[in-house]
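Since the structure comes first, as structure tokens, the remarks are kept for the end.
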Amino acid sequence: MVLLLMSVTVLHLFTLAMLFIATMEKFWWIWSDAEITDLWSNCIHDNATGNWLCAASNENDWLQAVQSLTVLSVVFSSISFLVFLGQLFTMSKGGLFYFTGLCQVFAGFTSFAACLIFTFHRKKILDDTRDLSIGHFGYCFILAWSCVPLLLFSGVLYVHLRKRQ
């Protein structure tokens, strides 16, 4: 049981870190090696200085939906972890971690919704006249998609996990 508890905790921290990176990093859409777009900005690589020059993304409803859902996913997962720690020390023997599991499942669903919206509405979100076939999804988008099954799986594990002595 201790091994399962440690495994679920490590999985939770791993998915929380992945969600945070996916939300904050720059690589959601890659136009070329020198131009990228994320949820918050459009960036161009300056070869002279070696730095990324970024400007805020054009705001639209779809982009704001993806932004809010990814942030909400991080918040749900963070709350879930804090509640888990609280329940671990205060819950009576034999209790189930229902609320923790429910928060993890909600985090998975919000991440899923954000990824779906970005996938199907990327033309409107990117707000660019260029053809989308010259770009591709970046690693942050893939991280966000990878979090979905991990969050759902850990949520189900929390629901079935019982506190023992």
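Just so you know, these numbers use all the heavy atoms, side chains as well, and skip hydrogens, waters and symmetry mates.
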> Which heavy atom of Ala65 sits nearest a heavy atom of Ile117, and at what distance?
Replying inline: CB-CD1, 4.2 Å
>> Between Phe81 and Thr9, is there a side-chain heavy-atom distance shorter than 4.5 Å?
In response: yes
> Of the non-hydrogen atoms in Leu150 and Leu11, which two are nearest, and what is the gap between them?
Replying inline: CD2-CD1, 4.0 Å
> Centroid-to-centroid, Tyr139 to Trp28, below 6.0 Å?
Replying inline: no
>> With a 6.0 Å cut-off (strictly less than), is the heavy-atom count around CZ of Phe141, excluding the residue itself, greater than 12?
In response: yes
> Heavy-atom count around Phe84 CZ within 6.0 Å, excluding the residue itself: above 12?
Replying inline: yes
>> Taking the side chain as everything from C-beta on, heavy atoms only, tell me whether Cys43 gets closer than 4.5 Å to Glu35.
In response: no
>> To the nearest 0.5 Å, what is the distance between CG on Leu16 and OG on Ser73?
In response: 9.0 Å
> Under 6.0 Å from the CG atom of Asp61, do we count more than 12 heavy atoms belonging to anything else shown?
Replying inline: no
>> So Lys26 and Cys140, do their side chains get closer than 4.5 Å, heavy atoms only?
In response: no
>> Distance check, rounded to the nearest 0.5 Å: Ser146 atom OG versus Leu19 atom CG?
In response: 10.5 Å
> At what distance, to the nearest 0.5 angstrom, does CG of Asn42 lie from OG1 of Thr37?
Replying inline: 4.0 Å
